[in-house]
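Reviewing the structure listed below.
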Amino acid sequence: MHYKRLSILIFGLIGLLIVSISIYIGFEYLVGLNKWLGLIIGVLFMMLGGIIYQYGEKFNLVYIFSFILNMIGVGLSITAYYILKAYALNFHDFYIAIVVSMAVLSGFGLLTFIPIVNRHLKISIAITIIIAFISSLVLWLSVDEFTGLSFYFLNVIYFFMVAMIGATNSLKDLNKEMAQVSFGSFILVSIIVLIILSEGEALNGLDGIGSGSTHKKARKK
């Protein structure tokens, strides 16, 4: 398929914008509630995306709707982490995370035009993902100013990178692939959030109510 890399870049940018809006809205409305709620609602969106995905062979646009629903689910799952930490993200946080993630995706896309990289795509993508994952994780854990949003967004972008090296014959196939990418992104991000929330639950008890979160948010403002 011609212009597949560019198409995936566009899908990636749209996907991250949807995730960002979902996080922002989700935090605003869920911050005073149970910290698990974002993850639970995210799962419901993913399930709805999975249901309508089954009709994609008959109606191509269904894959797009499935993609959108799953990306909303990704954002809501990530929201659960920031509710736990009582950290309200601002425009700068989203901007940096999107720029970093899109730079990695674009850079990898450009690398695939290099003959030696193109001959060893699986090795190249594995090395790129490992470097990006470790770098973003180290920054998240060691730098106080690093919100971790870039780490989450990069875990979404990895699936777009995998799609970039696959063979796609038509726009319909690409739409289907993007829907599958969004499912993979949701599963990986939700597993990470679930691990973090479970650890927090073990440390803080089973109250599950973010009463302190609202207070911290108000004080932050």
Quick check: do [X] and [Y] have side-chain heavy atoms less than 4.5 Å from each other?
| X | Y | value |
| --- | --- | --- |
| Ile157 | Leu16 | yes |
| Phe27 | Ile83 | yes |
| Val19 | Tyr152 | no |
| Leu76 | Ile23 | no |

Practice task
For residues Phe11 and Phe160, establish whether the separation of their ring centroids is below 6.0 Å.
Solution key: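 No, the ring centres sit 6.0 Å or more apart.
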Handout entry: Centroid-centroid distance, Phe183 to Phe159, less than 6.0 Å
Key = no
Exercise for the section: List, by chain and then residue number, the residues other than Ile127 in its hydrophobic cluster (Ile/Leu/Val/Met/Phe/Trp/Tyr, side-chain heavy atoms under 4.5 Å); write none if there are no others. Expected result: Ile123, Ile131
Practice task
Starting from the C-alpha separation in whole Å, work towards a yes-or-no answer on side-chain contact (heavy atoms from CB on, under 4.5 Å) for Leu69 and Met46.
Solution key: CA-CA 6 Å; Leu69 289 172; Met46 185 273 293; over 6 Å; no
If I take atom [atom1] from residue [X] and atom [atom2] from residue [Y], how far apart are they, to the nearest 0.5 angstrom?
| X | Y | atom1 | atom2 | value |
| --- | --- | --- | --- | --- |
| Leu89 | Leu149 | CG | CG | 5.5 Å |
| Ile21 | Met71 | CD1 | CE | 13.0 Å |
| Leu48 | Phe65 | CG | CZ | 11.5 Å |
| Leu171 | Met178 | CG | CE | 11.0 Å |
| Asn155 | Ile187 | CG | CD1 | 13.5 Å |
| Met164 | Ile8 | CE | CD1 | 5.0 Å |

Indicate yes or no for a side-chain donor-acceptor contact from [X] to the backbone of [Y] under 3.5 Å, with no hydrogens or angles considered.
| X | Y | result |
| --- | --- | --- |
| Ser66 | Gly49 | yes |
| Ser22 | Ile18 | no |
| Asn70 | Phe67 | no |

Name the atoms and distances for all side-chain donor-acceptor pairs under 3.5 Å in residues 98-114, with sequence neighbours left out.
unit_1: Ser101; atom_1: OG; unit_2: Ala97; atom_2: O; d: 2.8
unit_1: Ser106; atom_1: OG; unit_2: Met102; atom_2: O; d: 2.7
unit_1: Thr112; atom_1: OG1; unit_2: Arg5; atom_2: NE; d: 2.7
unit_1: Thr112; atom_1: OG1; unit_2: Arg5; atom_2: NH2; d: 3.3
unit_1: Thr112; atom_1: OG1; unit_2: Gly109; atom_2: O; d: 2.5

Are [X] and [Y] in one and the same hydrophobic cluster, where Ile, Leu, Val, Met, Phe, Trp and Tyr link if side-chain heavy atoms are under 4.5 Å apart?
| X | Y | value |
| --- | --- | --- |
| Ile196 | Leu137 | yes |
| Val74 | Ile51 | no |
| Tyr81 | Ile25 | yes |

Practice task
Could you list all the side-chain hydrogen bond (donor to acceptor under 3.5 Å, both in side chains) pairs where at least one residue sits in residues 40-59, not counting sequence neighbours?
Solution key: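 Counting only pairs at least two positions apart or across chains, the side-chain hydrogen bond (donor to acceptor under 3.5 Å, both in side chains) contacts touching residues 40-59 are Tyr53-Gln180, Glu57-Tyr63, Glu57-Lys176.
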Practice task
Mind jotting down which residue pairs meet the side-chain hydrogen bond (donor to acceptor under 3.5 Å, both in side chains) criterion with at least one end in residues 185-194? Sequence neighbours excluded, please.
Solution key: Ser77-Ser190
Fill in the blank from the handout: Sorted by chain and residue number, the side-chain contact (heavy atoms from CB on, under 4.5 Å) partners of Tyr24 (sequence neighbours excluded) come out as Glu28, Phe94
Practice task
Just jot down the side-chain contact (heavy atoms from CB on, under 4.5 Å) partners of Ile40, sequence neighbours excluded, or say none.
Solution key: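 By the side-chain contact (heavy atoms from CB on, under 4.5 Å) rule, Ile40 matches Trp36.
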Looking only at non-hydrogen atoms, find the nearest pair between [X] and [Y] and report the distance.
| X | Y | value |
| --- | --- | --- |
| Tyr158 | Ser136 | OH-OG, 4.4 Å |
| Leu174 | Ser7 | CD2-CB, 3.5 Å |
| Val181 | Ala163 | CG2-CB, 3.8 Å |
| Ala80 | Val193 | CB-CG1, 4.0 Å |

Problem - Step-by-step ring-ring contact (aromatic ring centres under 6.0 Å, His included) determination, Phe186 to Phe45 - result: CA-CA 10 Å; Phe186 177 85; Phe45 269 92; 9.7 Å; no
Handout entry: Audit row: Ile130, Phe133, side-chain contact (heavy atoms from CB on, under 4.5 Å) steps and yes/no
Key = CA-CA 5 Å; Ile130 290 172; Phe133 183 88; 5.9 Å; no
Exercise for the section: In plain terms, say whether Lys4 and Glu177 are close enough for a salt bridge, that is, a side-chain N and a carboxylate O under 4.0 Å apart. Expected result: yes
